[in-house]
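The shown structure was predicted, so the numbers you read here are calculated from the model rather than taken from an experiment.
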Amino acid sequence: MNRFMEQAIELAAASVRAGGGPFAALVVKDGSVVATGVNQVVRAHDPTAHAEIVAIREACRALGDFQLTGCDVYASCEPCPMCLGALYWARPARIFFAATRDDAAAAGFDDALIYREILAPLPQRTIPTIHLPHDRAARPFEEWTAKPDKTRY
């Protein structure tokens, strides 16, 4: 078994023993672990504190960058939709995972609703999602487009 995946799985199991969720992730660059993360949703009172998000934040701080260029991510489980989106924004070279979303669902962590909601028309979503047009809605994008010294991401 890949040593980094083994480490991610062991971190996830340790998280459970410490009262956390059963998820962990590592960010690896040039054969070394740059950062790790375990699920901290309950501990931090933060629904976004998934293992991958925690690992991304720590790795970006350690690397001094907002992207994970040249890094690999090892997750103990297939990333949920939120984590997958964050990983795509972070742009690592590769994402590896051990357990599947079906394994997570069998343990009570089912993301199927979110996958369905992403594809659902706004009026059919379970949480009302309302487009509220405004005549100045484009203003921030206009200012961004005109800004000569912006950092693209």
Side-chain angles (χ1 to χ4, degrees), residues 1-29 33-63 65-134 137-138 140-141 144-145 150-153:
M1 176 182 267
N2 178 289
R3 68 182 169 116
F4 297 121
M5 187 57 72
E6 179 71 25
Q7 187 176 348
I9 292 167
E10 288 305 313
L11 278 172
S15 176
V16 172
R17 291 189 298 273
F23 303 96
L26 283 71
V27 177
V28 175
K29 185 167 188 170
V33 176
V34 174
T36 64
V38 296
N39 182 287
Q40 297 180 20
V41 169
V42 174
R43 184 178 321 136
H45 307 286
D46 180 353
T48 69
H50 289 200
E52 295 90 338
I53 303 294
V54 172
I56 289 167
R57 290 174 180 161
E58 291 301 317
C60 287
R61 277 194 277 277
L63 296 170
D65 201 345
F66 58 88
Q67 293 185 337
L68 300 178
T69 305
C71 295
D72 290 330
V73 174
Y74 292 83
S76 62
C77 187
E78 183 176 356
C80 75
M82 175 185 69
C83 292
L84 187 60
L87 286 162
Y88 270 84
W89 280 114
R91 295 181 175 90
R94 298 178 294 186
I95 303 165
F96 300 94
F97 67 91
T100 68
R101 69 175 88 167
D102 294 328
D103 297 325
F109 298 91
D110 192 353
D111 298 324
L113 170 70
I114 298 169
Y115 286 104
R116 286 191 307 272
E117 291 285 299
I118 289 169
L119 299 175
L122 297 180
Q124 295 175 15
R125 291 187 179 173
T126 57
I127 297 175
T129 306
I130 300 122
H131 179 215
L132 189 58
H134 190 281
F141 299 115
W144 172 260
T145 301
K150 62 184 162 265
T151 300
R152 292 192 176 276
Y153 57 97

Check Ala8 against Ala75 and note the closest heavy-atom contact, atom names and distance. CB-C, 4.4 Å
Look up atom CD in Glu6 and atom CG in Leu26, then write down how far apart they are to the nearest 0.5 Å. 11.5 Å
Looking only at heavy atoms, the pair that brings Ala12 and Ala24 closest together is N-CB, 3.4 Å
The test is salt bridge (Lys or Arg N to Asp or Glu O under 4.0 Å); show your working for Arg61 and Glu58 and say whether it passes. CA-CA 5 Å; Arg61 277 194 277 277; Glu58 291 301 317; 2.6 Å; yes
Tell me whether Phe66 at atom CZ has more than 12 heavy atoms from other residues, nucleotides or ligands lying less than 6.0 Å away. yes
Residues Ala35 and Ala59: closest non-hydrogen pair is CB-N, 3.4 Å
Working to the nearest 0.5 angstrom, can you tell me the gap between Arg91 CZ and Cys71 SG? 13.5 Å
So does Leu68 get a backbone contact from the side chain of Lys29, meaning a donor-acceptor N/O pair under 3.5 Å? no
Which heavy atom of Asp103 sits nearest to which heavy atom of Thr100, and what is that distance? OD2-N, 2.8 Å
Trp89 vs Ile56 side-chain heavy atoms within contact, under 4.5 Å: no
Is any side-chain heavy atom of Leu87 closer than 4.5 Å to a side-chain heavy atom of Pro79? yes
Hey, what do you get for CG (Asp102) to CG (Asp111), rounding to the nearest 0.5 Å? 10.5 Å
Can you tell me how far apart CD (Gln7) and CG (Asn2) are? Round to the nearest 0.5 Å. 10.0 Å
So does Pro22 get a backbone contact from the side chain of Ser15, meaning a donor-acceptor N/O pair under 3.5 Å? no
Are Asp72 and Phe4 close enough, and set up right, to give a side chain to side chain contact (heavy atoms under 4.5 Å, CB included), and what steps lead you there? CA-CA 10 Å; Asp72 290 330; Phe4 297 121; over 6 Å; no
Between atom SG of Cys60 and atom CD of Gln67, what is the distance when rounded to the nearest 0.5 Å? 8.5 Å
Among Phe109, Tyr74, Phe97, find the residue that satisfies the ring pair (Phe, Tyr, Trp, His ring centres under 6.0 Å) test when tested with Phe23. Phe109
Does Glu117 reach the side chain of Thr126, with side-chain heavy atoms less than 4.5 Å apart? yes
Less than 4.5 Å apart, any side-chain heavy atom of Ser76 and any of Leu11? no
Ignoring hydrogens, what is the shortest heavy-atom contact between Trp144 and Lys150? Give both atom names and the distance. O-NZ, 3.0 Å
Do you know which two heavy atoms are closest between Met82 and Pro47, and how far apart they sit? CE-O, 4.0 Å
To the nearest 0.5 Å, how far apart are CD in Gln40 and OG1 in Thr48? 10.0 Å
